[in-house]
Every structure is written in C-alpha cells, then in structure tokens.
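Source: prediction; values computed, not measured.
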Amino acid sequence: MMDTATLPRAGRAGSTRAAHLLLWAFLLVNLAIVQVLSAHPATPAYNTLGVVGRYLGLHLGFAMAVQVLLIARLPFLERRIGMDRMTNWHRWTGFAVFWLVVLHPTFVLLGFAELDRISFLAEIPNLAGQTPVLLGMIAAGLVCLMAVTSVRAARRRLSYETWHGVHLLVYVMLVLAVIHQVYEGSSFTASTLGRVYWWGLWAFAIGTLLTNRLLVPLVRNRRHRLRVVAVVPETDEAVSVYVGGRDMERLRARPGQFFWWRFPGHASWWQVNPWSLSAAPDGRTLRLTAKAIGSTSAGLRRLEVGTRVYAEGPYGALTTVRRTRHDALLIAGGIGVTPIRALLEDPNLTGDIVVLYRARTPAEAVLLGEMRDLARRRGARLHVLTGRTSRENQPFSPESLRGLVPDIAERDVYMCGPAPMADAVLSSLRALRVPPRQRHVEAFRLAV
C-alpha cells in the first residue's frame, strides 16, 4: 500500500493549482483595472486613431510589467509551475509585447499625422523631437531586436551566449520604457487611481526583479562562498564541475533542480548558463555536468580548482515534490540526462522505476556508466535508445512508449531534453492519456 506520508498527493497537486489560480487572478484583476483606466483618460483623445493608440499603450505597459515578473524568477512560481512552462509563457508574452510595440506607436503616429495633415513618415521626426517620445522609440527598437533574435530560425544560428547578451538589453529597454510612460503617457496623470496603480505595479515588478535576481543571490553567495573543488572530464565533449562552499545544506537544493552559473574570471561577467545538478546534493558539494555547446561550456574543463563561483538558485520543478503516483518513468535526451541522473539517485523516488535514455550512439551517452550503476542499485530498468530518428526509428511515438512501458498512464513521467524531443514526448503522453498532473517536463528552451 502507498504511504500517504511519503506521497501527499492532494497537497502537491493543490500547490500547483494554487500557483495557476494566483496567476490568473493577478492577470484578470489587473486587466480589469487597465480597462477602467482606459475608459477614463485625463484628456480626450484628438481622434479615433489616438484613442486606439492610447488603449494599446496602456495594455503595452501592463504586458511589459508581466514580462518583468516572468523573468524575475519568483521561487513560488518556479517551484510549482516549472521553468519550462514559465519560459514558454515568457516567449509568448514577448511576442505580445512586440506586436503592441508595433501597433501602439503606429496608431499614435497615424493620429497625429491626421491631426497635423502631414504624412505618417513626416510625423516621425516631429514626435521624435520630444525626449520622452524619442526614448520610447529607442525602447521599441530594442524590443524589435529581441523579438527578431527570438524567432526560431534566428535562435538556431546564434550561440546561447550571443542570444543572452542581446536579451540583456531588456534592462535598458525597461528603464527607457518606464521613463517614456511617466513623462509622456497620460496613464500616470489620469487620476489618483491611475498614479497609484501604475507606480504600484512597476514598483512591485521591478522590486521583485531586483530582489530575486540581485539581492538574494548576492546574500547567498556571500554566505556560501562557492568555489570549484574538482573538474572531471566525462567524455571528449562533456565535463563535470564539483562546487563546494560553506553551509551548503542551507541551499536546500533538490535532485532535478538547476542553478544559473557564473564563473568570474573564466567568462565575461554577463555570461550565465542554466545547468542542472547531475548528482543529488549531499550537503557538501554540488555537481554540474555540461556538454561543449557554447563557448562557456566548452571552456569548463579549463577551470582551475579554487575558481570563484557565482550561483543563482536552486530553481526548477522537476523534483519528487510533484509526485502523484507510486511508480515513475524517467526520460532523458542527450545532456538532459543530468537532472534525470540526479533524480534516479533521490531516495524519495520510490516504487517501480523505468528509465529511457536517448542518445545518437552509446559513446555519446554522457554518464551512462553511472546511470547503469544507479539503475542496478535501485532495481530500475534502463533502456538506452540509440540511432537517428527516422520513419522506422521513432522511440517516443505513442506505440514505442506503450511497448516499453505498458502502464505509462499509471506513472509519473519526468523528462528533460531538447525542445523538439520534449514536444514529441508531450504529444505522445497526451495521446496515451497521461494526465497533465503526472507530466513533469523541462526542455532546453532559451531563457533570460
């Protein structure tokens, strides 16, 4: 019989539902306030085009505040919803911001052009002569740059370090956009409600961002004083880095979670990478394992013992805290094996365990020896799925998954790997009617 003390199913599912409900309540309440503010402007618009431009501008301000909160790495949301879903929301919110950035100034310019009886293009230098408007235009240009580099075709051609460097411009854009809204937008002068609302919203969003992305990491890193204690090559392309420090148990990291890692002196200060723990934390050290994909990961094997480490986290919901069933299926793709390997070591993962490890060849299967040893000790069944995906070889089709794990719908499924693989697995899990609460997925998607 399942031990309910070990698996408090209702409580864990409830915490995820509570996080979703809180998000929806926040969105709906704020959208209602924005509607009220848009219906009671400080001054009447000069024409219909101006009304539309002002309306879009208010929603743009709110969408940008939501985007800031999505990159603020709120622990309450990260641990209940997961980075994969949060990153996906961040991406779609970003495209919503992009279209609002295109449409808001377009309608404003069209409105003024009609009022001044000049062309749309001739109106641009007229408005750009006002400093707040010029700052808004620069912010809009930065948003367009970030949107272009987030298109899938562009992301394939950019290294993670380049992509991340471009997206650090979000902080410059944020400052310019807030200045534009304060000095140019009527939203801050429409009413006392408007002033209180917008100052409160931006104070909350920016305060949350600074607290979670700057202050908390600074305090934690000062407390733990993390350093590299060992560097171990795993294959020609993969390397493990062991990190130690003071009071490591106070980090409360769980198997399956990840940190954002910086190695000052090894790479530029702005270069940060999200790497999962590849071993269960033991209270003394943390281990990350990375494959040489970008310039930072390729240089990890040159790290010297004693190198200072700056880590932000732990983050991620790919943990046994979200268990709902007694048995589990673990699916790893490529270097996505790292959190799966840590989960396999977690004593809280009980019951019957099946592991599917996808790699092109056995030689490319990082940590395969450790996975086999852990599977043997845990009594788990490990299947290494190799070969190129083709019409004849589709290891994550519904039929293949059902053949390997007939009772898959009765298991929790933990998966980490490349985004296309994650999409294929999720599609099959839906076809096999694995309930959403039993699907725990982290994919390699770019995040700021």
Side-chain angles (χ1 to χ4, degrees), residues 15-34 37 58-94 96-97 100 139 142-143 146 164 167-182 185 187-188 193-223 251-253 257-262 270 272 274 310-317 445-448:
S15 65
T16 301
R17 281 196 300 271
H20 281 91
L21 287 173
L22 182 64
L23 272 177
W24 277 111
F26 175 82
L27 290 173
L28 293 175
V29 168
N30 280 272
L31 282 173
I33 294 173
V34 170
L37 294 175
L58 288 172
H59 286 79
L60 173 58
F62 175 61
M64 289 177 60
V66 170
Q67 190 73 316
V68 171
L69 289 170
L70 286 174
I71 65 173
R73 298 176 192 160
L74 283 161
F76 177 82
L77 298 179
E78 286 270 6
R79 293 168 188 171
R80 288 162 177 81
I81 295 175
M83 182 190 175
D84 184 65
R85 188 168 296 177
M86 296 281 287
T87 301
N88 203 34
W89 292 348
H90 165 72
R91 182 169 181 266
W92 286 110
T93 303
V97 168
L100 286 169
L142 294 177
V143 169
M146 288 182 282
H164 187 265
H167 277 68
L168 287 178
L169 293 172
V170 70
Y171 300 107
V172 178
M173 179 274 296
L174 182 61
V175 172
L176 297 178
V178 172
I179 294 173
H180 169 75
Q181 188 177 13
V182 170
S187 54
F188 274 80
L193 172 63
R195 286 192 295 273
V196 171
Y197 172 73
W198 286 110
W199 279 118
L201 179 63
W202 280 116
F204 174 64
I206 296 174
T208 301
L209 180 72
L210 292 176
T211 298
N212 290 294
R213 299 287 296 265
L214 181 63
L215 297 180
V216 171
L218 283 174
V219 170
R220 286 182 177 171
N221 281 273
R222 181 175 177 81
R223 174 197 299 156
L251 283 171
R252 297 182 181 178
Q257 292 189 305
F258 68 95
F259 286 77
W260 293 84
W261 303 91
R262 282 186 175 89
W270 52 268
V272 57
Y310 185 90
E312 182 185 338
Y315 295 116
R445 306 185 199 273
L446 299 179
V448 181

Might you point out which heavy atoms bring [X] and [Y] nearest each other, and give the distance in Å?
X: Ala177; Y: Met64; value: CB-CE, 3.2 Å
X: Ala72; Y: Asn212; value: O-CB, 3.0 Å
X: Gln257; Y: Pro314; value: OE1-CB, 3.4 Å
X: Gly61; Y: Trp202; value: O-CZ2, 3.6 Å
X: Thr93; Y: Ala63; value: CG2-O, 3.9 Å
X: Leu37; Y: Leu58; value: C-CD1, 4.2 Å

Just verifying a value: how many Å separate [X] [atom1] and [Y] [atom2], rounded to the nearest 0.5 Å?
X: Leu74; Y: Arg213; atom1: CG; atom2: CZ; value: 11.0 Å
X: Leu77; Y: Met86; atom1: CG; atom2: CE; value: 4.5 Å
X: Leu176; Y: Tyr171; atom1: CG; atom2: OH; value: 15.0 Å
X: Leu69; Y: Leu209; atom1: CG; atom2: CG; value: 8.5 Å
X: Met146; Y: Leu168; atom1: CE; atom2: CG; value: 10.0 Å
X: Trp198; Y: Ile33; atom1: CH2; atom2: CD1; value: 9.5 Å

Just by modelled atom types, is the [Y] backbone N or O under 3.5 Å from a matching donor or acceptor in the [X] side chain?
X: Gln67; Y: His90; result: yes
X: Asn221; Y: Ala311; result: yes
X: Trp261; Y: Phe259; result: yes

Evaluate the side-chain proximity of Tyr310 to Val272: yes if any heavy-atom separation is below 4.5 Å, no if none is.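 No, every pair of side-chain atoms sits at 4.5 Å or beyond.
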Does Tyr315 have any side chain to side chain donor-acceptor pair (under 3.5 Å) partners at least two apart in sequence or in another chain, and if so, which? Glu312
Mutual orientation of the aromatic rings belonging to Phe26 and Phe204 [parallel < 30°, tilted 30-60°, perpendicular > 60°]: tilted
Over 60° means perpendicular and under 30° means parallel, so tell me whether Phe258 and Trp260 are parallel, tilted or perpendicular. perpendicular
Pairing residues for Trp92 by the ring pair (Phe, Tyr, Trp, His ring centres under 6.0 Å) criterion, not counting sequence neighbours: none
Is there a side-chain contact (heavy atoms from CB on, under 4.5 Å) between Leu174 and Ile206? Walk through the geometry before answering. CA-CA 9 Å; Leu174 182 61; Ile206 296 174; 4.3 Å; yes
Full working for side-chain contact (heavy atoms from CB on, under 4.5 Å) between Val66 and Trp89: CA-CA 10 Å; Val66 170; Trp89 292 348; over 6 Å; no
So, applying side chain to side chain contact (heavy atoms under 4.5 Å, CB included) with Leu214, which one of Thr211, Val216, Leu218 is it? Leu218
